[in-house]
Amino acid sequence: MATGVLCSRAFALCLACVLLAVPLLVAAQDPSNLSLEHYSKTCPNYEHVVRTEMECAVRADSRNAALMLRLHFHDCFVQGCDGSVLLDDTATLIGEKKAEQNVNSLKGFELVDKIKQKLEAECPGTVSCADLLAIAARDAVVLVGGPYWDVPVGRLDSKKASLDLANRDIPTAQQGLVTLISKFWEKGLDATDMVALVGSHTIGFARCANFRDRIYGDYEMTTKYSPVSQPYLSKLKDICPLDGGDDNISAMDSHTAATFDNAYFETLINGEGLLNSDQEMWSSVLGYSTADTVNKYWADAAAFFKQFSDSMVKMGNITNPAGGEVRKNCRFVNT
């Protein structure tokens with residue numbers, strides 16, 4: 001029997017196990033009544049306010065684009081897109097900022113505070129922090145060369161956070177393909193959505209602690225020991241030694257780190273993905289379908305942009321069924 005058929009059957013069997021394990025979770029996360037007109041009467045200028053602040057922030061430092069996109073992603077993967085990731089710890093609430101995938105990497109909270117202050121001055125108590133993140137993430141992508149999409153709004157801010165769910169649900173850099181697919185599927189996102197959304201790594205940086213295992217592990221094997229990749233690997237090892245330097249950073253897209261484009265997918269095809277979780281989409285023996293999608297997005301930037309936009313809307317429509325409020329301060333629930 002051909003190797004491809006064996007891999008296909010193995011992948012289908014593993015994926016079937018994943019799907020059987022999560023149907024109730026998917027059913028619980030239907031989108032609420034979001035719409036493009038939600039603030040048309042109560043705060044018609046809200047998008048302009050967010051866009052103006054994002055333009056200033058990205059002009060000052062292009063990395064702010066990736067920070068806002070990451071905040072939105074990490075928000076939506078815990079309880080839905082409800083602003084819970086923004087909550088500070090208090091005497092009565094444990095937030096999500098100290099979760100394994102957040103504590104050393106999530107930034108941009110001060111920028112959120114600044115945008116929220118401007119929104120409160122424009123329309124007090126009207127625009128939720130969850131909607132702020134969704135709009136700011138879209139504007140961040142556009143400002144560094146990526147696609148535009150309409151963002152349905154009307155999300156409410158959660159009155160609770162969950163450190164446990166943040167530690168459990170947010171994908172990590174070391175996880176294998178089946179685990180990654182299952183985590184996305186739990187949120188109602190399929191493997192195509194996953195590849196497109198992970199394509200956001202075309203901008204942004206990763207900490208040495210998250211790619212050390214990769215560069216001292218199977219990096220050379222995935223590049224087929226190409227001498228062309230050796231200078232880049234040497235550079236990464238200078239940035240990230242075997243011991244120490246956990247907070248040193250490197251761009252996840254070694255070609256065009258400050259531009260949202262499809263060059264990131266070429267790094268995977270060349271075996272040069274910075275994170276294990278990213279390279280798995282191309283190199284895993286179970287990744288025949290995700291590898292095809294990676295090929296497609298590298299060959300066709302328009303296809304990547306279209307799917308990324310659709311998948312961002314799909315992810316943004318994951319809401320917290322518990323409802324919530326419109327916070328006046330994104331760091332704290334209303335009193």
Side-chain angles (χ1 to χ4, degrees), residues 28-35 38-39 42-43 46-47 49-51 53-54 57 64 66-90 92-99 101-103 105-140 151-170 187-188 197 312-335:
Q29 297 184 17
D30 290 336
S32 63
N33 295 322
L34 306 180
S35 73
H38 183 78
Y39 298 119
T42 57
C43 195
Y46 75 100
E47 286 192 291
V49 172
V50 177
R51 178 60 177 260
E53 294 305 314
M54 285 303 302
N64 281 319
L67 298 183
M68 296 305 288
L69 187 55
R70 184 175 175 84
L71 276 175
H72 180 47
F73 182 96
H74 283 225
D75 183 36
C76 292
F77 261 64
V78 182
Q79 302 183 161
C81 310
D82 62 356
S84 62
V85 73
L86 302 174
L87 288 168
D88 282 349
D89 290 354
T90 68
T92 58
L93 183 147
I94 298 176
E96 299 163 13
K97 293 180 179 179
K98 294 180 182 177
Q101 290 303 299
N102 294 342
V103 63
S105 60
L106 278 194
K107 299 179 181 179
F109 298 108
E110 293 78 11
L111 177 54
V112 171
D113 294 339
K114 186 176 182 182
I115 297 172
K116 181 60 173 174
Q117 289 170 4
K118 294 297 178 67
L119 287 171
E120 286 297 302
E122 180 80 13
C123 316
T126 302
V127 180
S128 69
C129 300
D131 281 343
L132 182 165
L133 283 182
I135 295 294
R138 186 273 314 280
D139 290 348
V151 179
V153 289
R155 301 164 188 80
L156 292 174
D157 297 322
S158 174
K159 297 180 180 180
K160 299 179 181 180
S162 178
L163 181 64
D164 289 341
L165 288 179
N167 280 321
R168 187 193 76 183
D169 290 357
I170 298 173
K187 307 305 174 186
L197 292 171
M312 284 295 291
V313 172
K314 191 174 177 180
M315 183 183 75
N317 285 351
I318 304 171
T319 55
N320 187 337
E325 62 185 4
V326 175
R327 285 189 224 130
K328 297 177 181 178
N329 183 325
C330 291
R331 294 176 181 265
F332 306 101
V333 299
N334 296 337
T335 56

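One-based numbering along the sequence shown.
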Colleague: Is the backbone N or O of S162 less than 3.5 Å from a side-chain atom of E96, with the two atoms forming a donor-acceptor pair by type?
Modeller: yes

Colleague: Could you check whether any side-chain heavy atom of V127 comes within less than 4.5 Å of a side-chain heavy atom of V49, counting everything from C-beta outward?
Modeller: no

Colleague: Report the distance from atom CG of N317 to atom CE of M312, rounding to the nearest 0.5 Å.
Modeller: 11.0 Å

Colleague: So does K97 pair up with D88, basic N to acidic O under 4.0 Å?
Modeller: yes

Colleague: Any chance CD1 of I94 has more than 12 other-residue heavy atoms, nucleotides or ligands included, within less than 6.0 Å?
Modeller: no

Colleague: Do V85 and F77 come close enough that some side-chain heavy atom pair is under 4.5 Å?
Modeller: no

Colleague: Write down the atom of L197, the atom of M315, and the distance for their closest heavy-atom approach.
Modeller: CD1-SD, 4.2 Å

Colleague: So does A134 get a backbone contact from the side chain of R155, meaning a donor-acceptor N/O pair under 3.5 Å?
Modeller: no

Colleague: With a 4.5 Å heavy-atom cut-off, do L156 and V326 have their side chains touching?
Modeller: yes

Colleague: Nearest heavy-atom pair of A161 and G95: which atoms, and what distance?
Modeller: CB-CA, 3.9 Å

Colleague: Please give me the minimum heavy-atom distance between C330 and V112, naming the atom from each residue.
Modeller: SG-CG1, 4.0 Å

Colleague: Taking the side chain from N320 and the backbone from S158, do they hold a donor-acceptor pair closer than 3.5 Å?
Modeller: no

Colleague: Can you tell me how far CG of L87 sits from CG of L163, rounded to the nearest 0.5 angstrom?
Modeller: 12.5 Å

Colleague: What verdict does the side-chain contact (heavy atoms from CB on, under 4.5 Å) test give for T126 and L119, after you've listed the backbone C-alpha separation in whole Å, the side-chain angles of each residue and the deciding distance to 0.1 Å?
Modeller: CA-CA 8 Å; T126 302; L119 287 171; over 6 Å; no

Colleague: Report the C-alpha separation of D157 and S128 in whole Å, then their side-chain angles, then the decisive distance to 0.1 Å, and conclude whether the side-chain contact (heavy atoms from CB on, under 4.5 Å) test is met.
Modeller: CA-CA 6 Å; D157 297 322; S128 69; 3.5 Å; yes

Colleague: If you look at every heavy atom in G316 and L34, which pair is closest and at what distance?
Modeller: O-CD1, 4.0 Å

Colleague: Would you mind telling me which of Q79, H74, K187, Q101 makes a side-chain hydrogen bond (donor to acceptor under 3.5 Å, both in side chains) with D169?
Modeller: K187

Colleague: Can you list the steps and then say if L86 with L132 is a side-chain contact (heavy atoms from CB on, under 4.5 Å)?
Modeller: CA-CA 11 Å; L86 302 174; L132 182 165; over 6 Å; no

Colleague: Please report the shortest heavy-atom distance between N102 and A166, naming the atom on each side.
Modeller: ND2-CB, 4.3 Å

Colleague: Does a donor on one side chain sit under 3.5 Å from an acceptor on the other, for Y46 and D131?
Modeller: no

Colleague: At what distance, to the nearest 0.5 angstrom, does CE of M68 lie from CZ of R138?
Modeller: 12.5 Å

Colleague: Atom CG of D82 and atom CG of D75: how far apart are they, to the nearest 0.5 Å?
Modeller: 5.5 Å

Colleague: Does the side chain of V50 reach to within under 4.5 Å of the side chain of E47, using non-hydrogen atoms?
Modeller: no

Colleague: Side chain of N64, backbone of M54: donor and acceptor closer than 3.5 Å?
Modeller: no

Colleague: Salt bridge between E120 and K116, side-chain N to carboxylate O under 4.0 Å?
Modeller: yes

Colleague: Measuring from atom CD1 of I135 to atom CD of E53, what distance do you get when rounded to the nearest 0.5 angstrom?
Modeller: 14.5 Å

Colleague: Between atom CZ of F332 and atom CG of D89, what is the distance when rounded to the nearest 0.5 Å?
Modeller: 9.5 Å

Colleague: Taking all atoms of both residues into account, what is the closest heavy-atom pair of G83 and A130, and its distance?
Modeller: N-CB, 3.7 Å

